[in-house]
Peer 1: 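The structure's right below; bear with me while I get my questions together.
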Amino acid sequence: MAQGQSQTTAPHAIVLRAARLLDVKSGRVVKPGEVLVQGERIVEAGTTVKRPAGAEVIDLGDRTLMPGLIDAHVHLFLHPGAEDLQTVQESVPQRTIMAVQAARDDLMAGFTAERDMGTEGAGSADTAVRNAIDEGLVPGPRLRISGNAINILGGHEDAIGYNPAQHVLPNADYANNAAELVAVMRQQFKEGADFIKIYETGPDKVRDGQFSTIYQYTEAELKAGVEEAARVGKRVAVHATGEPGTLFAAQAGVASIDHANQLSDETMRLMREKQIFAVPTFTIFEYFAEHAATPAQAAREHQMLDLKVQEFRKQVAAGVPMAVGSDVGPFAHGTQARELVLMVKYGMSPLAVLQADLLNGAKLLGWDGQIGVLEPGYLADVVAVSGDPLQDIGAVENVSFVMKSGVVYRK
């Protein structure tokens, strides 16, 4: 009997206290801020909360409590360096070990939930990483994973520019028509994918100040993929930088259009109507512009970024739903809060970006009502930052306390 009683006793209570607390729904900062956590969930949040007997109080001083950050576009299996070579030279076990380190770095930077947008040739190795995190074996964000992305022969992530006799493997799974697409998706779901990542556009060009990109799948092919995912309660995200691929994706009803450098009026209308999220990924474009191999390439990358910024301003003005994803991997894991800073720099308010990250991010990852808000019943994913992120969005780059599911990982 005594043993049975000990198993049903209330979980350890923790009270987090700080000078401020972000109420992201109302757009207010509450002063002071307190959060009562029991087990993995929030019990109460506000200016003062109950203090159950034996509760541990963690006083974080002059900081702001806020929900754990969400990155809707990461690559745990990539690291800085020659992206096409690392996938050829490094074994999948080596890349998996590095992915575990990357997940830890992201968590310690305050990202408690992420969507991994393709292992870039490591297949379903991300299933093991997600499961190890869920089982508490290794620290990391809660993850939605996709295995390899899906691509056409000769498409965006195919192994182009190598000796054909070497048969260098692509970084994605091939599917060249609707039937092949459905078959590949079924294999990925079998191996643990939470969602599907499809490359919908190929090489991007800027000529005479005009952006252009070629589409890879027709609307009908994408629709077959979206319907197959829906059959098992899952969704499709696309890499799509411009028209007409972005329109095909919106017509097909994908969950998100990632990169979204160019969206037509009709595409934006459909995205508003269907609540399809644009995920701009500015940080990767800035990184490529600043780390180009030659001056000519740097000029091209800067021109691409400039056009992207102009388009983004139009998208914001048109009310396109936004989520926040950095495309971290080619640049260092744990540094991607830069994405929120850039979205403010290029035209959104700090509150709008925080709502895109936390509220829209939770919806996009399929955890609406579970994460993204400090309210009773939500999972206790809580971070603390120096300063007030509504006044200075740069505060999110200074996370000094991290709790996920009621477990403190950094303080």
Side-chain angles (χ1 to χ4, degrees), residues 11 39-41 68-79 86-87 90-150 171-173 184-198 228-229 231-237 255-256 325 328-329 333-334 336 361-372 378-382 402-410:
E40 65 175 12
R41 302 226 171 233
L69 296 165
I70 298 171
D71 192 334
H73 193 128
V74 307
H75 293 284
L76 293 175
F77 284 76
L78 290 179
H79 59 81
Q86 65 189 258
T87 63
E90 297 166 8
S91 70
V92 171
Q94 181 184 348
R95 296 184 66 205
T96 306
I97 290 166
M98 295 181 80
V100 168
Q101 289 183 309
R104 181 187 177 280
D105 289 345
D106 288 355
L107 177 67
M108 294 308 174
F111 288 86
T112 53
E114 293 185 330
R115 191 176 61 152
D116 192 275
M117 291 288 283
T119 61
E120 304 278 342
S124 57
D126 51 357
T127 297
V129 176
R130 176 199 63 198
N131 294 352
I133 291 168
D134 286 349
E135 290 160 19
L137 300 176
V138 295
R142 58 185 83 251
L143 294 177
R144 298 297 195 198
I145 57 153
S146 59
N148 273 348
I150 303 177
N171 283 352
D173 292 342
V184 168
M185 289 172 64
R186 287 176 181 170
Q187 185 67 34
Q188 291 191 349
F189 288 144
K190 176 183 172 180
E191 295 179 20
D194 296 311
F195 73 100
I196 297 296
K197 155 90 178 274
I198 294 176
E228 175 59 22
R231 182 180 70 81
V232 291
K234 296 183 179 183
R235 294 188 292 177
V236 171
S256 68
V328 69
H333 279 277
Q336 68 260 46
K363 286 179 189 155
L364 180 53
L365 272 62
W367 279 309
D368 193 22
Q370 297 288 311
I371 63 171
Y378 278 70
L379 288 162
D381 291 3
V382 189
V402 179
M403 171 186 273
K404 180 188 143 215
S405 285
V407 177
V408 176
Y409 288 91
R410 180 177 180 183

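Keep in mind that this is a model prediction, so the values were computed, not measured.
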Peer 1: Using atom types as modelled and distance alone, determine if a side-chain donor or acceptor of K404 lies under 3.5 Å from a backbone N or O of G140.
Peer 2: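 The answer is yes, because a donor-acceptor pair under 3.5 Å joins these two groups.
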
Peer 1: Quick one: side-chain hydrogen bond (donor to acceptor under 3.5 Å, both in side chains) partners of E228, sequence neighbours excluded?
Peer 2: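 In terms of side-chain hydrogen bond (donor to acceptor under 3.5 Å, both in side chains), with neighbours along the sequence ignored, E228 is linked to R186, R231.
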
Peer 1: What pairs with H333 under ring-ring contact (aromatic ring centres under 6.0 Å, His included), at least two apart in sequence or on another chain?
Peer 2: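 If we apply the ring-ring contact (aromatic ring centres under 6.0 Å, His included) test to H333, skipping adjacent residues, there are no hits.
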
Peer 1: Counting N and O atoms only, with roles assigned by atom type, does the side chain of N148 sit under 3.5 Å from a partner on the main chain of G123, one being a donor and the other an acceptor?
Peer 2: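 Pair found, side chain donor or acceptor close to backbone of G123.
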
Peer 1: What pair of heavy atoms forms the shortest contact from G192 to T127, and how long is it?
Peer 2: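 Smallest heavy-atom distance, with atoms named: CA-OG1, 3.7 Å.
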
Peer 1: Do any pairs count as a salt bridge (charged side-chain N to carboxylate O under 4.0 Å, His left out) and have a residue in residues 99-114, sequence neighbours left out, and if so which ones?
Peer 2: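 Sorted result for residues 99-114: empty, none.
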
Peer 1: Suppose we screen for side-chain contact (heavy atoms from CB on, under 4.5 Å). Which residues come up paired with A149, at least two apart in sequence or across chains?
Peer 2: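 Counting only residues at least two positions away or on another chain, A149 forms a side-chain contact (heavy atoms from CB on, under 4.5 Å) with A172, K197, Y199.
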
Peer 1: Between T112 (side chain) and M403 (backbone), is there a donor-acceptor pair under 3.5 Å?
Peer 2: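 No, because the side chain of T112 does not come within donor-acceptor range (under 3.5 Å) of the backbone of M403.
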
Peer 1: Please enumerate all residues that pass salt bridge (Lys or Arg N to Asp or Glu O under 4.0 Å) together with R144, with sequence neighbours excluded.
Peer 2: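 Scan of R144 (salt bridge (Lys or Arg N to Asp or Glu O under 4.0 Å), adjacent residues dropped) gives none.
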
Peer 1: Measure the shortest side-chain to side-chain distance between E120 and F77 over non-hydrogen atoms and say whether it is less than 4.5 angstrom.
Peer 2: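 No; the side chains remain at least 4.5 Å from each other.
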
Peer 1: Could you tell me the separation between the CG atom of D116 and the CG atom of D194, rounded to the nearest 0.5 Å?
Peer 2: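 It comes to 10.0 Å.
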
Peer 1: Decide yes or no for V408 and V402: does some side-chain heavy atom of the first lie under 4.5 Å from some side-chain heavy atom of the second?
Peer 2: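 Not in contact.
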
Peer 1: Identify the two heavy atoms, one from A113 and one from P141, that lie closest to each other, and give their separation to 0.1 Å.
Peer 2: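 Where A113 meets P141 most closely, the heavy atoms are N-CB, 3.7 Å.
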
Peer 1: Find out whether Q101 and H79 are in side-chain contact, i.e. whether some heavy atom of one side chain is under 4.5 Å from a heavy atom of the other.
Peer 2: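 Contact flag for Q101/H79 side chains = no.
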
Peer 1: Kindly write out the residues that satisfy side-chain contact (heavy atoms from CB on, under 4.5 Å) with L137, not counting sequence neighbours, or none if the list is empty.
Peer 2: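 In terms of side-chain contact (heavy atoms from CB on, under 4.5 Å), with neighbours along the sequence ignored, L137 is linked to A132, E135.
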
Peer 1: Would you please name every residue forming a side-chain contact (heavy atoms from CB on, under 4.5 Å) with E191, sequence neighbours left out?
Peer 2: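 Testing E191 for side-chain contact (heavy atoms from CB on, under 4.5 Å), a comparison that skips the adjacent residues, returns S124, Q187.
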
Peer 1: What distance separates L364 CG from H73 NE2, expressed to the nearest 0.5 Å?
Peer 2: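 One gets 11.0 Å once the value is rounded to the nearest 0.5 Å.
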
Peer 1: Side-chain contact, heavy-atom cut-off 4.5 Å: Q370 with R41?
Peer 2: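 A side-chain contact under 4.5 Å exists here.
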
Peer 1: Is there any salt bridge (charged side-chain N to carboxylate O under 4.0 Å, His left out) pair reaching into residues 361-372, and which pairs are they, with sequence neighbours excluded?
Peer 2: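 Listed by first then second residue: nothing to list.
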
Peer 1: Just verifying a value: how many Å separate D173 CG and S146 OG, rounded to the nearest 0.5 Å?
Peer 2: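 Spacing of CG (D173) from OG (S146) equals 10.0 Å.
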
Peer 1: Taking C-beta and beyond as the side chain, do Y409 and M108 meet within less than 4.5 Å on heavy atoms?
Peer 2: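 The answer is yes, as the side chains (C-beta and beyond) meet within the 4.5 Å cut-off.
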
Peer 1: Using salt bridge (Lys or Arg N to Asp or Glu O under 4.0 Å) as the criterion, list what pairs up with R410, not counting sequence neighbours.
Peer 2: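 Once residues adjacent in sequence are excluded, R410 has no partner under the salt bridge (Lys or Arg N to Asp or Glu O under 4.0 Å) criterion.
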
Peer 1: Distance check, rounded to the nearest 0.5 Å: R235 atom CZ versus L365 atom CG?
Peer 2: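 R235 atom CZ to L365 atom CG measures 8.5 Å (nearest 0.5 Å).
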
Peer 1: Rounded to the nearest 0.5 Å, how far apart are CD of Q336 and CZ of F111?
Peer 2: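 CZ of F111 is found 4.5 Å from CD of Q336.
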
Peer 1: Are any side-chain N or O atoms of N171 and backbone N or O atoms of G121, one a donor and one an acceptor, separated by less than 3.5 Å?
Peer 2: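 No: the side chain of N171 does not pair with the backbone of G121.
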
Peer 1: Residues two or more places apart in sequence or in another chain: which of them pass salt bridge (Lys or Arg N to Asp or Glu O under 4.0 Å) with D71?
Peer 2: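 With sequence neighbours excluded, D71 shows a salt bridge (Lys or Arg N to Asp or Glu O under 4.0 Å) to no residue whatsoever.
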
Peer 1: In the structure I gave you, are the side-chain heavy atoms of V129 and L143 within less than 4.5 Å of one another anywhere?
Peer 2: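 Counting from C-beta outward, V129 and L143 do come under 4.5 Å.
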
Peer 1: How would you list, by chain and number, every residue that makes a side-chain hydrogen bond (donor to acceptor under 3.5 Å, both in side chains) with R142, sequence neighbours excluded?
Peer 2: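 Partners of R142 under the side-chain hydrogen bond (donor to acceptor under 3.5 Å, both in side chains) test: D381, S405.
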
Peer 1: With sequence neighbours left out, write down each residue that passes side-chain contact (heavy atoms from CB on, under 4.5 Å) with A237, or none if nothing qualifies.
Peer 2: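 Residues passing side-chain contact (heavy atoms from CB on, under 4.5 Å) with A237: R115, M117, F195, S256, D258.
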
Peer 1: For the atom pair CD1 (I133) and CG (L76), what is the distance rounded to the nearest 0.5 Å?
Peer 2: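 One finds 7.0 Å between CD1 of I133 and CG of L76.
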
